[in-house]
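A quick note: this is a predicted structure, and the numbers were derived from the prediction, not measured.
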There are 2 protein chains.
Amino acid sequence: MKLEGKVVVAQGGGPTAVINESLVGVVLESRKFPQITKVYGAINGVRGIVNEDFLDLTQETTNNLERVAVTPSSALFSTRDKPDKAYCQEIFKVFKAHDVRYFFYIGGNDSADTVRIVNEEAERSNYEFRAIHIPKTIDNDLMLNDHTPGYGSAAKFVAQSFIGLNLDNRALPGVHIGVVMGRNSGFLTAASSIAQKYPDDGPHLIYLPERAFKIDRFLSDVKRIYDQHGRCVVALSEGIRDEAGVPIIERLGTREKDSHGNVSLSGTGALGDLLTREVKDKLKIGRVRSDTFGYLQRSFLGCVSDVDQREAREVGEKAAQFAIWQNVDGSITIHRTGYYSVDYKLSSLKEVAARTKLMPDAFINAEANNVTEAFKYYLTPLLGSNMPSASMLRAPRAEKLLQK
Amino acid sequence: MKLEGKVVVAQGGGPTAVINESLVGVVLESRKFPQITKVYGAINGVRGIVNEDFLDLTQETTNNLERVAVTPSSALFSTRDKPDKAYCQEIFKVFKAHDVRYFFYIGGNDSADTVRIVNEEAERSNYEFRAIHIPKTIDNDLMLNDHTPGYGSAAKFVAQSFIGLNLDNRALPGVHIGVVMGRNSGFLTAASSIAQKYPDDGPHLIYLPERAFKIDRFLSDVKRIYDQHGRCVVALSEGIRDEAGVPIIERLGTREKDSHGNVSLSGTGALGDLLTREVKDKLKIGRVRSDTFGYLQRSFLGCVSDVDQREAREVGEKAAQFAIWQNVDGSITIHRTGYYSVDYKLSSLKEVAARTKLMPDAFINAEANNVTEAFKYYLTPLLGSNMPSASMLRAPRAEKLLQK
């Protein structure tokens, strides 16, 4: 039996380079069904729902939708609101008033949790309703998923950045520290390893939040590499923490918190500057620099993995198909079926919601300062078919005539 | 009469995304002439010359040269050495010993000055010798040149970054401050203006080193924009200074200097963090973030203007042609002849060397917090034919049913 009514689609959490692909996948697929009376886009995520701030995407041109699809960041804007039960009841009240029967929420694990609560609310009220969570996060930290839409493109940006930083550091040697997003999971920082093409290419050291960060160990690592190569490129996650689990950045007194109780890690160069000072003071190395990738890595226009782009579109399409054809709820998950092929499943919201996937041990080296080949094998197809690479001169040295 | 002997090519100063195009232009063009006995590449700029550290690029494959051409950063590595007279005499001694008759130095105005001194040394010794300076700098601050190779690609990176930062800031509102390279010239920071596509797009404020930066004026500008749009994106040059000419970053005590006596501005997030604190404390705005573009903007792999790429190749080719066909010295300069076409000339080294081109007044608005349309007209062709742009949803608002 066909369930007639409106669709609401919304975007939550941090933007990605391909999150609008998923939005457009939902909109174009939903618009094909006669039982879908309207397709609404909620402005600013769940906040737009309670405020009835909707765009009528049934009246958006396909041409503009396709252009929005290749535009980074959330076209419907976002929110950091994490609805509690009362908030979800407000959402549900609006849905009922507007005869919304399908809800698609594109976001991370917090968004999955919101979908779960709204769904329970509908069940309790015997309101026929389908709600599906559509994955996205550059952090690649959603349970069950082989990887998440948004990760491949952000990883491509990080990889291309470190290819450049490594070349720059080779041209003008010193120590360079690149700080990459990632509170708990090191997947994005680990993507820097793609820059390790020629034998002495950096990043020579990679530190991830999955392993305790010891300053002394870090300094002796840097010293060893610097003594060997006359230079050292370091990649590290903004979320690195000490053995007690305290983020290194908290030592600086940066303690602004969001509504989820998370300390603000991005939007400041403080962690990189702290470690720069450590290296300068303790190792007496003159040229030490750091770059904090900040928001560039998640919103840069023009650095997208074509594989990521296609998959982000497909998870949106699949969500609409699952809900409208099959009348089922859940979270769309991506599963690797070959090298390289994937399939999409509908998984339980409970299993995805509010949990975090970390890098498996097999992806991190024993010294906790680099990744393994298994990780590179995992990552490579996600970077897409348009991943560039660097080349060095290989001409022979000319004979010296004066300094024999 | 043909002047037989070796070619030496070298790269100086900060890397760019297309500096290797110029290198490859010199090498491929020089290799065509029978009177060129060898083409040497000096490793680490002038330092490689005095140390006789040469790669024999006559023995490099054309295929690898073409791949190196599209690789960012200086393939021959660089140096910050600024030779004095004694240093130039050492250079000249090596050139004589190796029968070097042609010297091409790819760099900024300091490199042009080095070429000038070496040339004078050769003239004094009656040594037949041609030395040509090939322009490059992301700062776009070389005299006589309409623009410099390297600028278009760095400008494209800055523009694409701000397109993304503006979208990100629209999705999750607040104040965002992006800090761009540029010690004296604001050309690179000004490229952020390309992100101003839709009426309320950022950067809403652009501050350049050509105008005195007043903190109070900055705060009132930010407040006005924030009150109007509920958000504010700011672009500013790392070299912004107060009315006394003191760089704002110097107030922080960051005083590391290079061999040219320049204060180190990059490789730290300090300026962005300082201004972030000012906005938070004085304007009581909660969400304030900054990103310092750092080394990403000059070495990122995969963000190149095709116009910049072609011109960088051509200045290398033209340098070899001027020196070998016409037996003349000087600095290659780029002149705009139409919209959009250019021509290359050989100009006097004295006019290019050790001087800095600033943004003309016509490119900066009267309030000193944005650029003019004249600047965008100037910049647009330099970004190349592959410049992407962002698109927003334009669907109509849906009617509210509960909150009438």
Side-chain angles (χ1 to χ4, degrees), chain A residues 15 40-41 52 54-57 59-60 64 67-68 71-78 80 94 97-98 160-161 163-165 167-168 170-172 266-270 272-273 276 289-292 294-296 298-303 388 390-398 400-403, chain B residues 15 40-41 52 54-57 59-60 64 67-68 71-78 80 94 97-98 160-161 163-165 167-168 170-172 266-270 272-273 276 289-292 294-296 298-303 388 390-398 400-403:
Chain A
Y40 278 7
E52 296 180 273
F54 296 121
L55 292 184
D56 182 0
L57 298 176
Q59 298 185 53
E60 178 58 272
N64 198 45
R67 280 184 289 144
V68 167
T71 297
S73 187
S74 311
L76 286 170
F77 315 149
S78 191
R80 290 289 183 192
V94 173
H98 285 265
Q160 292 182 199
S161 296
I163 293 173
L165 293 177
L167 294 165
D168 201 302
R170 199 196 292 276
L172 289 167
S266 294
T268 163
D273 286 351
T276 294
R289 303 282 185 268
S290 78
D291 279 316
T292 303
Y295 294 96
L296 268 55
R298 75 180 188 193
S299 292
F300 188 81
L301 172 69
C303 182
S391 293
M392 287 179 64
L393 292 170
R394 295 167 316 184
R397 287 270 177 154
K400 297 190 182 199
L401 298 179
L402 297 173
Q403 307 170 19
Chain B
Y40 279 5
E52 297 181 271
F54 296 119
L55 291 184
D56 182 0
L57 297 175
Q59 298 185 54
E60 179 57 275
N64 198 46
R67 280 185 287 144
V68 167
T71 297
S73 188
S74 313
L76 286 171
F77 316 149
S78 191
R80 290 289 184 192
V94 172
H98 283 266
Q160 291 182 201
S161 296
I163 294 173
L165 292 177
L167 294 164
D168 199 302
R170 199 196 293 277
L172 289 167
S266 294
T268 162
D273 287 352
T276 294
R289 303 283 186 267
S290 78
D291 278 317
T292 302
Y295 294 96
L296 268 56
R298 75 178 188 192
S299 293
F300 188 79
L301 172 70
C303 182
S391 294
M392 287 180 64
L393 293 169
R394 295 166 317 184
R397 288 271 177 155
K400 296 188 183 202
L401 299 178
L402 297 173
Q403 307 170 21

Kindly give the heavy-atom pair with the smallest separation between [X] and [Y], and that separation in Å.
X: A/S73; Y: B/L167; value: OG-O, 3.0 Å
X: A/A395; Y: B/L55; value: O-CD2, 3.5 Å
X: B/G302; Y: A/Q160; value: CA-NE2, 3.9 Å
X: B/D273; Y: A/A270; value: OD2-N, 3.5 Å
X: A/S391; Y: B/T71; value: N-OG1, 2.9 Å
X: A/Q403; Y: B/E52; value: N-OE1, 2.7 Å

Residue from A/I163, A/L393, A/V94, A/D56 scoring the most non-hydrogen pairs under 4.5 Å with chain B is A/L393
Ranked by heavy-atom pairs below 4.5 Å to chain B, first place among A/M392, A/E60, A/R170 goes to A/E60
Sequence-distant partners of A/F77, ring-ring contact (aromatic ring centres under 6.0 Å, His included), two or more places apart: none
Set of residues satisfying salt bridge (charged side-chain N to carboxylate O under 4.0 Å, His left out) with respect to B/R397, sequence neighbours excluded: A/D53
Inter-residue atom distance [X].[atom1] - [Y].[atom2], 0.5 Å rounding:
X: A/R394; Y: B/Q59; atom1: CZ; atom2: CD; answer: 13.0 Å
X: A/S161; Y: B/L301; atom1: OG; atom2: CG; answer: 9.5 Å
X: A/D168; Y: B/R298; atom1: CG; atom2: CZ; answer: 4.0 Å

Is the shortest heavy-atom distance from the side chain of B/L165 to the side chain of A/L296 under 4.5 Å? yes
